[in-house]
Amino acid sequence: MPLISLALVILVIGFSSVFVINPGQAGVVSILGKARDITFLEGIHVKPPFISGVDIYDLKVQKFEVPAQSSTKDLQDLNARFAINFRLDPIQVVEIRRKQGTLENIVSKVIAPQTQESFKIAASRKTVEEAITKRTELKQDFDDVLGTRLDKYGIIVLDTSVIDLAFSPEFAKSVEDKQIAEQRAKRAVYIAQEAEQEAQADINRAKGKAEAQRLLAETLKAQGGELVLQKEAIQAWREGGSQMPEVLVNGGSGQSSVPFLFNVKDVQR
């Protein structure tokens, strides 16, 4: 029986002295509440039994969404929501344990307020319109400031994403009014251009008609002009839907002239 009790005591001491760090994690051992200056990475490790504890930190990429509010250079309200991808620096895990504690504390007491301050700095460099038209620059300024600020806390920023960027209702209304005014101005320009093109088309048609009449007049003056008139008279008569006349009287004497056409039956009626 004493041997069994001794074996149990040894077994308990053994389990209390050994801990395992999984891949992608880091551990900090504290003895009587004081963190040791060693970061334990993946594998099996030994610690003092009963009087020590192990805090495990995830070194893999973490993602949290953080809201932020600021004023732009032209004093317009700007609200944003960022997705922050980060991981903990394994070299500084001991300092993180001593100064920040848990991952929840890191997010609420470091990442969230530093995100807010970084966004204030980045937004203050842009007007509200530049925040829209130069959104990439705004994000780059934010990334640079946030990365520098979090680095001293042992937090490595891998990437950020702007999930939402909202403006004050007054500015949104002014943007809408501006877009409507621009659309109306473009419509007015289009109508003016259309009218100008139509006027030019009328001028071109008038010039073409005048040129056609000039050419016709020259043709009539030339030899054979009477034949042209006869042909056009017959063509016009046919297109008008008239019946074939029973009498064809050639006007004039000595020279060809435009024929005078009539239907005998119409005369009889």
Side-chain angles (χ1 to χ4, degrees), residues 71-80 122-142 161-269:
S71 294
T72 58
K73 188 166 63 176
D74 52 351
L75 303 179
Q76 293 288 335
D77 292 333
L78 193 60
N79 298 318
S124 66
R125 298 173 180 173
K126 298 282 189 296
T127 64
V128 66
E129 288 195 12
E130 289 173 341
I132 300 174
T133 59
K134 299 180 180 180
R135 187 166 174 168
T136 303
E137 292 183 11
L138 176 67
K139 179 181 177 299
Q140 186 61 54
D141 289 343
F142 169 78
S161 301
V162 183
I163 299 176
D164 186 31
L165 194 64
F167 313 93
S168 65
E170 294 78 10
F171 177 74
K173 181 65 167 58
S174 68
V175 171
E176 182 181 357
D177 293 342
K178 182 178 179 181
Q179 290 176 341
I180 292 174
E182 289 177 350
Q183 290 174 356
R184 288 177 176 172
K186 290 180 181 179
R187 176 63 179 168
V189 172
Y190 172 76
I191 293 175
Q193 291 176 343
E194 190 177 46
E196 182 180 354
Q197 292 173 356
E198 184 63 27
Q200 187 62 45
D202 291 341
I203 293 172
N204 292 336
R205 283 193 291 268
K207 289 181 178 179
K209 185 176 181 180
E211 180 65 15
Q213 291 175 344
R214 185 186 66 80
L215 293 175
L216 179 60
E218 291 181 355
T219 302
L220 294 177
K221 291 177 182 179
Q223 186 176 3
E226 292 291 334
L227 295 177
V228 174
L229 287 177
Q230 292 176 15
K231 180 180 179 182
E232 289 191 354
I234 295 172
Q235 183 66 28
W237 169 75
R238 286 177 176 175
E239 291 177 354
S242 300
Q243 297 179 357
M244 179 64 69
E246 296 183 3
V247 178
L248 173 61
V249 178
N250 189 21
S253 61
Q255 290 184 351
S256 299
S257 61
V258 179
F260 176 69
L261 308 177
F262 66 93
N263 194 319
V264 174
K265 294 180 181 180
D266 291 339
V267 175
Q268 293 174 347
R269 289 199 297 270

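Small disclaimer: the values here were computed from a predicted structure and weren't measured. Heads up: numbering here begins at 1 and tracks the sequence.
- Rounded to the nearest 0.5 angstrom, Glu129 CD and Ile132 CD1 are separated by 6.5 Å.
- A heavy-atom distance below 4.5 Å is not found between the side chains of Lys126 and Leu78.
- Between the CZ atom of Arg135 and the CD atom of Gln140 there is a distance of 14.5 Å, given to the nearest 0.5 Å.
- Between Ser71 and Asp77 there is a side-chain heavy-atom pair separated by less than 4.5 Å.
- Taking each heavy atom of Asp74 and Thr127 in turn, the nearest pair found is OD1-CA, 3.6 Å.
- Minimum heavy-atom separation, Arg125 to Lys73: O-NZ, 3.8 Å.
- With rounding to the nearest 0.5 Å, the separation of OG1 in Thr136 from CG in Asp141 is 11.0 Å.
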